Amino acid sequence: MPKPGELTFAAPRRAKPPRHLADLSPAERREAVAALGEKPFRAGQLSRHYFTRLADDPAQWTDMPAALRERLATELMPALMTSVRDIACDDGATRKTLWKLFDGTLVESVLMRYPDRATMCVSSQAGCGMNCPFCATGQAGLTRNLSTAEIVEQVVAGARALQRGEVPGGPGRVSNIVFMGMGEPLANYKAVLGAVRRITDPSPDGLGISQRSVTISTVGLVPAMEKLAEEGLSCTLALSLHAPDDELRDTLVPVNTRWPVREVLDAAWHYEARTGRRVSIEYALIKDINDHAWRADLLGKRLRNHNAHVNLIPLNPTPGSKWTASTQQRQDEFVRLLEAHGVPVTVRDTRGRDIDGACGQLAAADAG
Ligand code: SAH
């Protein structure tokens with residue numbers, strides 16, 4: 001367990017997961033197939049099976065000779081994870097899956113279906129090194145980075161469940177992706193960027209989900225935020241602010257001691273300027289900790305005149321934490337004060353709270 005405030009940026013070195021089609025760019029896939037002595041066009045067929053048809057069973061790849069199917073499956077589509085457990089709530093509309101990776105590492109992902117969309121919340125790391133004291137994932141420390149394919153596979157699994165009609169509401173598709181599961185996505189930059197490409201590249205190279213429907217949430221790693229702004233993407237950036245002043249944010253989001261509020265907001269405005277995308281500011285409302293009227297005012301002052309919107313998250317309970325969500329009255333007042341500054345505000349729903357699948361509750365520790 002990390003000590004309070006301790007930060008871990010570099011993930012421990014571990015054995016790498018086996019190479020998978022979803023780790024590779026379209027050009028790398030052709031090279032990989034050619035290196036196996038096969039015609040490069042097979043890479044396109046394989047991509048169509050995986051990304052477009054979501055067909056993971058080689059028996060369904062009828063445009064290839066049977067022996068080749070087996071070979072390509074072994075070489076380029078090894079099983080990367082197995083589902084240990086699925087728990088659902090909201091009459092099946094919210095579903096949390098616990099995954100066991102090739103080396104026994106556990107991670108979780110959450111699928112949330114709404115009348116008009118289906119959102120997949122994915123993990124980018126096993127554990128997290130950012131140590132925010134109100135987040136369950138942060139308390140266990142960082143186990144390792146996930147590979148691009150390990151991230152993409154979480155999305156594909158959700159897409160398959162919807163395609164096969166396993167989620168109440170009839171067959172459907174994943175429309176939105178949020179990097180809000182376990183881990184700090186910008187601390188695993190390369191793998192996350194690869195996953196964003198696979199998720200958003202049009203079919204058959206990728207899943208063809210709109211970049212605008214992909215949200216990357218960060219504690220505020222400024223150099224990585226600046227790099228992300230230059231990638232030519234139109235993804236949404238979400239910044240976990242949680243306090244408008246350095247004194248409090250130093251304790252709630254310990255990485256603030258490296259990159260304080262002013263710098264992290266400047267990086268958010270830079271992202272906004274480069275991409276034209278409205279930035280989302282996440283603020284978990286914690287009773288008597290960060291829910292004061294003067295903090296709402298300071299937040300409003302810092303955000304007004306910027307293309308930002310505040311997403312208030314009623315604090316979800318985590319094991320061993322003494323903190324609770326703000327009262328309804330305080331929450332309403334916080335909303336009112338921000339709106340008085342002309343800052344748009346929404347309150348995030350608490351989907352998955354009863355299955356420990358809501359924000360900050362993913363721990364993947366209780367495999368049993
Ligand atoms: N590491 C990234 C993504 C993780 S979680 C980040 O911090 O942005 C997504 C959001 O859930 C973050 O804003 C995080 O601060 C918030 N969160 C963590 N624990 C929470 C809790 N107990 N209740 C409500 N929100 C929480």
Side-chain angles (χ1 to χ4, degrees), residues 7-9 11 96 107-110 112 119-142 145-146 151 154 176-189 191-192 195 214-222 224-225 228 235-243 248-249 251-256 258-259 264 267-268 271 279-287 289-291 309-326 331 346-364:
L7 296 166
T8 311
F9 289 97
K96 179 173 88 162
V107 294
E108 293 180 315
S109 61
V110 185
M112 291 159 282
T119 301
M120 193 68 214
C121 175
V122 295
S123 294
S124 56
Q125 299 181 308
C128 187
M130 296 298 113
N131 207 1
C132 303
F134 56 90
C135 175
T137 310
Q139 299 322 293
L142 177 60
N145 281 330
L146 301 193
I151 299 168
Q154 297 169 52
N176 296 68
I177 307 292
V178 293
F179 283 86
M180 295 188 185
M182 303 171 80
E184 165 51 41
L186 295 189
N188 185 15
Y189 191 91
V192 165
V214 174
T215 301
I216 300 172
S217 181
T218 180
V219 287
L221 305 186
V222 166
M225 289 166 76
L228 188 67
C235 297
T236 302
L237 180 72
L239 171 63
S240 296
L241 198 64
H242 305 311
L248 179 59
R249 192 165 190 266
T251 67
L252 293 181
V253 185
V255 82
N256 193 69
R258 291 273 184 113
W259 296 288
V264 93
Y271 186 89
V279 172
S280 181
I281 304 291
E282 293 164 284
Y283 200 105
L285 276 178
I286 315 175
K287 187 178 178 194
I289 300 289
N290 66 354
D291 61 356
H309 126 272
V310 174
N311 205 197
L312 294 176
I313 318 174
L315 188 82
N316 294 305
T318 56
S321 168
K322 50 191 183 302
W323 291 330
T324 56
S326 302
Q331 179 179 306
T346 48
V347 178
R348 188 176 292 174
D349 68 5
T350 52
R351 273 288 184 113
R353 191 187 269 196
D354 19 323
I355 53 169
D356 284 346
C359 297
Q361 294 188 311
L362 302 185

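Numbering of ligands and ligand atoms starts at 1, following listing order. Owing to the predicted nature of the structure, the values given are computational and were not obtained by experimental measurement.
- Close approach to Gly181 involves these atoms of ligand 1, each under 4.0 Å from a residue heavy atom: 4 (C).
- With hydrogens and angles disregarded, no donor-acceptor distance shorter than 3.5 Å links the side chain of Ser123 to the backbone of Gln125.
- Where the criterion is an N or O separation shorter than 3.5 Å, residue side chain and backbone included, Arg348 fails it with respect to ligand 1.
- For the pair Asn256 (side chain) and Arg249 (backbone), a donor-acceptor distance under 3.5 Å is absent.
- No hydrogens or angles considered: nothing links the side chains of Ser326 and Gln331 as a donor-acceptor pair under 3.5 Å.
- Under the rule for a side chain to side chain contact (heavy atoms under 4.5 Å, CB included), the partners of Thr324 that lie at least two apart in sequence or sit in another chain are Lys287.
- Numbered from 1 in the order shown, with element, the atoms of ligand 1 that lie under 4.0 Å from a heavy atom of Cys135 read 18 (C), 19 (N).
- Annotation: Phe134 places an N or O atom under 3.5 Å from an N or O atom of ligand 1; distance criterion only.
- By the 30° and 60° cut-offs, the orientation of the rings of Phe134 relative to His242 is perpendicular.
- Assignment of Ala136 to the shell around ligand 1 is not supported, since no heavy atom sits closer than 4.0 Å.
- Scanning all heavy atoms of the two residues, the minimum distance from Val107 to Leu146 falls at CG1-CD2, 4.0 Å.
- Contacts between Thr218 and ligand 1 below 4.0 angstrom, taking non-hydrogen atoms only, involve the backbone exclusively.
- In terms of protein heavy atoms, atom 25 (N) of ligand 1 is closest to Cys359 CB, 3.4 Å.
- Contacts between His242 and ligand 1 below 4.0 angstrom, taking non-hydrogen atoms only, involve the side chain exclusively.
- Applying the side chain to side chain contact (heavy atoms under 4.5 Å, CB included) rule to Pro319 yields the partners Ala136; only residues at least two apart in sequence or on another chain are considered.
- At a heavy-atom cutoff of 4.0 Å, ligand 1 is contacted by the side chain of Glu282 but not by its backbone.
- Listed here is the closest heavy atom pair of Trp259 and Gly220: CE3-O, 3.8 Å.
- The shortest contact between atom 19 (N) of ligand 1 and any protein heavy atom is with Gly360 CA, 3.0 Å.
- Distances from ligand 1 to the non-hydrogen atoms of Met130 include no value under 4.0 Å.
- Between Met180 and ligand 1, no N or O atom pair is found at a separation short of 3.5 Å.
- Counting heavy atoms under 4.0 Å from ligand 1, residue Ile313 touches it through the side chain alone.
- Counting protein heavy atoms only, atom 23 (N) of ligand 1 is closest to Asn316 N, 2.9 Å.
- Between Thr318 and ligand 1, not a single N/O pair is under 3.5 Å apart.
- A donor-acceptor contact closer than 3.5 angstrom is absent between the side chains of Thr318 and Gln139.
- Contact record, Pro185 with Gly183: CD-O, 3.4 Å, taken as the closest heavy-atom pair.
- The closest protein non-hydrogen atom to atom 6 (C) of ligand 1 is Ser240 OG, 3.3 Å.
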